[in-house]
Amino acid sequence: MLAGSNVVGSLISLMSNFLAGGVLISLLSPLNFIQGALVIAGGVLLYTLWSGFRASVLTDVIQLLGMLGAVAILIPIVFFAAGFPAAFETGAANLTPAQGNFFSSEAFFNQGAPYIAAVLAYAIGNQTIAQRLFAVREDLIKPTFITAAVGYGATVIGIGMFGVLALYLGSDPLDGDVNNLIPQMAGTYLPAVLVALFFLLILGALSSTADSDLAALSSIVMTDGYGHTVAGRAAADPRRMLLIGRATMVVATALAVAFASMRLNILDLLVFVGALWGALVFPVIASFYWNKVSNKAFTISTLAAVATFLPVRFGWFPTDGASGFLIDVVSVVGVGVVLALMAFGFFGLRVAKIVGAVAIVVVAPFGIGFLHDYATLSGSLVAYAVSTVVCYVMSVRNPESFDFATIKERVGDFDSEPGSTDIDDDRPSLGEAAVRG
């Protein structure tokens, strides 16, 4: 389940980055969109095949510097070049009542809340994040992820100021495509030198994420696909694994460029993937700490969550009457699940149970009756709730307890003897626990 979801998620993420790169190049150079996407895809593929993990680490550093530079330097320049802060008064007429309200419920339920749920799912389901996790010292995992979350959140809010400025200025996205908005703003209000700097910074950020997706896809296919499933750990050939991993990168790049040509909305894609991964969050976390979770419980709960998410998200049935009420009830449970999972990460199980229960009680009176009107949010919440309830019900009465130590016999280096391990203690690692899914 994890491998399959990550293949889909990484392909969509890769497509989104090639899409963004193609848009950026087409707006700021003589090349068209397809040519720009091919340039980005070809460059990322070549240096990832050549340097692998080292290239990924280097571009991650470039990504960080690029995003911080865009927030700290470029946005203030655009701010003053576009006539702000005076434009806040002259452009207020361009805002709808909901857009002019800082505490707009429409903004929160249509964008804010769905992204909160999506980001939590990304932290658990995204293979590129998991790869970074194993590169961090165990005693620094929590402070590393807290720092990354705060820094990333601040950067996203900063980059989002481009959209706020465009709104006050009455700027419409070129060709009606919101993907064009940020490069359009940069090209309009930045001098040529800073446009070039912006171009390089954003390309660095896109390349960093794209090479991580390629690395994740290659590792999944060559280890989970070939190494464990097809050949078996004892018979797997490391050289063949490497060849399969590199071939996977080439195929994934070609597919991502083909999908990018569809010019879908990047934000909608990311929320969609996050919601799909929401079906995995509770089963994954539970399998780390609870020895009652079985393969059957993990698989059925995830499939049930996806099966309920899709019709709610895309409105495949009417949401008025009893069906809308049912969606609202399940969504309220999903609110409790999301907040409980977040509390668990910081404060432990006891606090998580209290937070989840209180959240359900507090949200129920005003959540039931209108949550079904927000398909993006209710779809995500339903995925969280269904996977949690089904996984718990199927696991709590499981008479068998999983022995984490047995994973050492099943998982390890492909070029070492089966049963050998470099782990010095009996504690299950996150990767070992995840294998049970």
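For this chain, numbers begin at 1 and follow the sequence in order.
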#### Entry: Closest approach of G334 to A385 (non-hydrogen atoms, all atoms of both residues)
N-CB, 3.6 Å
### Message
For F402 and V293: C-alpha separation, side-chain torsions, deciding distance, then whether side-chain contact (heavy atoms from CB on, under 4.5 Å) applies.
### Response
CA-CA 8 Å; F402 182 82; V293 180; over 6 Å; no
### Query
Taking the side chain as C-beta and beyond, is there a heavy-atom pair between F18 and L38 under 4.5 Å?
no
### Check: G100 main-chain N/O paired with S104 side-chain donor or acceptor under 3.5 Å
no
### Task
Report yes or no: does Y168 contribute a side-chain atom to a donor-acceptor pair with the main-chain N or O of F84 at less than 3.5 Å?
no
### Message
Is a donor from one side chain sitting under 3.5 angstrom from an acceptor on the other, for E106 and Y374?
### Response
yes
### Task
State, with a plain yes or no, whether a side-chain heavy atom of F317 is found less than 4.5 Å away from one of V312.
yes
### Query
Looking at side-chain heavy atoms only, is the closest gap between I285 and W290 below 4.5 Å?
no
### Query
Does the pair F109 and T376 meet the rule for a side-chain contact (heavy atoms from CB on, under 4.5 Å), with working shown?
CA-CA 9 Å; F109 289 115; T376 302; over 6 Å; no
### Query
Does T308 reach the main-chain N or O of A305 with its side chain, forming a donor-acceptor pair under 3.5 Å?
yes
### Message
Tell me whether T299 contacts the main-chain N or O of K296 through its side chain, where contact means a donor paired with an acceptor under 3.5 Å.
### Response
no
#### Entry: Donor on one side chain, acceptor on other, D213 and S13, under 3.5 Å
yes
### Message
Pair T223, M241 - check side-chain contact (heavy atoms from CB on, under 4.5 Å), show working.
### Response
CA-CA 7 Å; T223 55; M241 289 177 64; 3.7 Å; yes
### Message
Taking A216's backbone N and O only, do any of them form a donor-acceptor pair with S219's side chain (distance below 3.5 Å, no angle check)?
### Response
yes
### Message
Quick check for you: to the nearest 0.5 Å, what is the distance between L169 atom CG and T188 atom OG1?
### Response
9.5 Å
### Task
Write down the atom of A236, the atom of A231, and the distance for their closest heavy-atom approach.
CA-CB, 3.9 Å
### Task
Measure the spacing between CD1 of I146 and CD1 of I141 and express it to the nearest 0.5 Å.
12.0 Å
### Task
Kindly say whether the aromatic ring centers of Y384 and F282 come within a distance under 6.0 Å.
no
### Query
Quick one: does P114's side chain get under 4.5 Å of L377's, heavy atoms only?
yes
### Query
With a 4.5 Å limit on heavy-atom distance, are the side chains of L181 and F162 in contact?
no
### Query
So do L217 and M249 actually touch side chain to side chain, heavy atoms under 4.5 Å?
no
### Query
Under 6.0 Å from the CZ atom of F325, do we count more than 12 heavy atoms belonging to anything else shown?
no
### Query
Any donor-acceptor pair under 3.5 Å linking the side chain of S323 with the backbone of D320?
yes
### Task
Locate the shortest heavy-atom distance separating P283 from C391; write the atom from each residue and the value.
CA-SG, 4.1 Å
#### Entry: Non-hydrogen atoms of A279 and V306 that approach each other most closely
CB-CG2, 3.9 Å
### Message
I need the minimum non-hydrogen distance between G170 and N94, along with the two atoms involved.
### Response
N-ND2, 3.5 Å
### Message
Does F347 have more than 12 heavy atoms from other residues, nucleotides or ligands lying within 6.0 Å of its CZ?
### Response
no
### Message
Within the structure provided, determine whether V338 and L381 are in side-chain contact (heavy-atom separation under 4.5 Å).
### Response
yes
### Message
With a 3.5 Å distance limit and no angle check, can you tell me whether T229 reaches the backbone of D224 through a side-chain donor-acceptor pair?
### Response
yes
### Audit row: H372, L326, side-chain contact (heavy atoms from CB on, under 4.5 Å) steps and yes/no
CA-CA 9 Å; H372 62 270; L326 180 60; over 6 Å; no
#### Entry: Approximate separation, where rounding is to 0.5 Å, of L19 CG and L24 CG
11.0 Å
### Spacing of L49 atom CG and L214 atom CG [to the nearest 0.5 Å]
8.0 Å
### Query
Can you tell me how far the CG atom of L280 sits from the OG atom of S301, to the nearest 0.5 Å?
8.0 Å
### Message
Using 0.5 Å steps for rounding, measure from the CG atom of N17 to the CG atom of D211.
### Response
9.5 Å
### Query
Counting only heavy atoms not in F344, do more than 12 fall under 6.0 Å of its CZ?
yes
### Query
Can you find a heavy atom in the side chain of I182 that is under 4.5 Å from one in the side chain of M185?
no
#### Entry: Heavy-atom pair with the smallest gap, counting every atom of A20 and L206
CB-CD2, 3.8 Å
